[in-house]
Amino acid sequence: MIKVGVIGVGTVGSSVVKILRDNRDVITARAGVEIEVKSGVVRNLERHKNSALVLSTNPDSIVNDPEIDIVVELMGGVDEPFAVVKKALLNGKAVVTANKALLAYHRYELQDIAKDIAFEYEASVAGGIPIINALRDGLSANHIESIQGIMNGTCNYMLTKMMDEGVAFDAILQEAQELGYAEADPTFDIGGFDAAHKLLILASIAYGIDAKPEEILIEGIEHITQDDIAFAKEFGYAVKLLGIAKRDGDEVELRVHACLISKSEMIAKIDGVMNGVSVIGDMVGETLYYGPGAGGDATASAVVANIIDIARSGKSAPMLGFDRPLEHGLKLKAKDAISSKYYLRLQVVDKAGVLAQITKLFGKHNISIETMLQRPSDGKYANLLFSTHIALERDIQNVIQALETMDLVNATPTMIRIV
Ligand code: HSE
């Protein structure tokens, strides 16, 4: 009998308990041993007074319990779970977590602490999609060329609604929250931070790269308006928040931002709250993983899969899938050295010579225009929509800064990268 303690019995934790009970037959057959949740930890006992579990408010009741084999950490946050998980590992207990923020900051320290004690985290990226397993095990023969993922269901739901139903940004956020996908603080979702945490986890497995969220380019979807959606539709693009990890020689670029992506790409067809991750390996080519990225049962499905895996063998491969440098000399590419095609939206004074001044500025900064569209607005201002050929991030940022200081440019320009 394998005994489990669940720290954090909220939506996902309750689903873990339910799945282990309701799917006992297949779980026991697959694990080769019975698995039982012995106890749980919650913040507020009063709110859980009808629970059938033995509950306490102190994580030590689980991490110091000699009968517990596997600690499941579902508390959220960074510092507190780090202390709890560290203690559990030092006490020799296997750990399963769904906590992407914890891993975005502490994955390498945790790998060092865990050594050959099992530490699994499938649910931390794209909820129910077994992407960690695919990348760490199924694709382990490959050099990874790139990863592109829709890894935040809240943003994807909002962008899909804006695209399909013409709904304005502010009106949809509340809907996404009511569906239960959004983080407690939704700026984590719409600001791109949740997707960035997930990207950093995948990039460690793929490239062995050790970067913190502060070191990579992270932008959200707050600036997207119906003008941008209309441009996207006119030119055959979908608008998606993507996490991108891409190898370029001995550098790896890591970035999260809204993208215009051709509607013919597979990843552009992933709509609503669903997540999707495309991985290109040098031997396998492109593989695509699709499924629910959030929600109690879908996330718990991944947590329980990790529990079963640990119950089978008692240990796992090194947490990140390697125990020596993965690829020598790979470095994080500087944010301003990234290159891309860009879309820019400007609101300008509608009078003679304005367009000439703007295009002259583009030329001065090595930006070559690919398409241009002018939309008349209220008689005073016009909307100019540009797409560019491939340009350097530092050049486009310089152009945006220069545009901001021009009197004939009314509002802050909007920029979206084109994939
Ligand atoms: N807030 C996340 C999302 C939940 O919207 O995808 C899963 O990490």
Side-chain angles (χ1 to χ4, degrees), residues 8 10-16 72-78 81 96-105 107 120-133 135 147-163 167 169 172-205 213 218-222 224 239-244 256-259 267 270-278 289-306:
T11 314
V12 178
S14 311
S15 285
V16 168
V72 175
E73 184 277 307
L74 301 168
M75 11 176 9
V78 176
V96 177
T97 183
N99 188 335
K100 58 231 155 179
L102 167 69
L103 296 169
Y105 285 95
R107 58 202 181 281
E120 294 294 344
Y121 49 99
E122 183 60 71
S124 65
V125 180
I129 306 176
I131 183 65
I132 307 274
N133 199 290
L135 200 54
I147 301 170
Q148 277 191 358
I150 294 175
M151 296 183 286
N152 186 272
T154 302
C155 287
N156 207 41
Y157 179 79
M158 294 176 70
L159 291 170
T160 305
K161 280 260 178 179
M162 287 174 81
M163 196 93 190
V167 190
F169 185 89
I172 329 166
L173 178 57
Q174 203 186 339
E175 258 181 70
Q177 285 173 299
E178 281 163 11
L179 280 169
Y181 291 107
E183 297 298 305
D185 173 357
T187 55
F188 248 71
D189 294 303
I190 60 178
F193 303 103
D194 174 79
H197 291 165
K198 295 165 180 167
L199 180 73
L200 288 172
I201 296 168
L202 296 186
S204 284
I205 301 169
I218 306 174
E219 287 174 10
I221 62 166
E222 306 93 327
I224 310 280
V239 185
K240 297 287 176 195
L241 182 85
L242 289 187
I244 299 173
V256 173
H257 50 72
C259 294
I267 206 151
I270 291 164
D271 283 336
V273 293
M274 299 308 266
N275 281 196
V277 186
S278 147
Y289 308 86
Y290 170 84
D297 286 354
T299 308
S301 155
V303 171
V304 175
N306 283 161

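Just so it is clear, the values below take in all heavy atoms, side chains as well, and ignore hydrogens, waters and symmetry mates. Just so you know, ligand 1 is whichever comes first in the structure, and atom 1 is the first atom listed for that ligand.
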Do any N/O atoms on Thr154 end up under 3.5 angstrom from N/O atoms on ligand 1? yes
Taking distance alone, with no angle check, do Ala294 and ligand 1 share an N/O pair under 3.5 Å? no
Give the atoms of ligand 1, by number and element, whose distance to some non-hydrogen atom of [X] is under 4.0 Å.
X: Asp189; value: 1 (N), 2 (C), 3 (C), 5 (O)
X: Gly153; value: 3 (C), 5 (O), 6 (O)
X: Gly293; value: 7 (C)

With the side chain counted from C-beta on, respond yes when Ile131 and Ile147 share a heavy-atom pair under 4.5 Å apart, and no when they do not. no
The closest protein heavy-atom partner of atom 8 (O) of ligand 1 is Lys100 NZ, 2.6 Å
Donor-acceptor check, side chain of [X] to backbone of [Y], threshold 3.5 angstrom: yes or no?
X: Glu73; Y: Ala98; value: no
X: Asn275; Y: Pro292; value: no
X: Asn156; Y: Met274; value: yes

Would you call Asp271 and Lys240 a salt bridge, using N to O less than 4.0 angstrom? yes
Is Val273 touching ligand 1 with its side chain, its backbone, both, or neither, if touching means heavy atoms under 4.0 Å apart? neither
Nearest non-hydrogen contact to atom 2 (C) of ligand 1 from the set Glu183, Met151, Met158 belongs to Glu183
Does atom CD of Gln174 have more than 12 heavy-atom neighbours, drawn from other residues, nucleotides or ligands, at distances under 6.0 Å? no
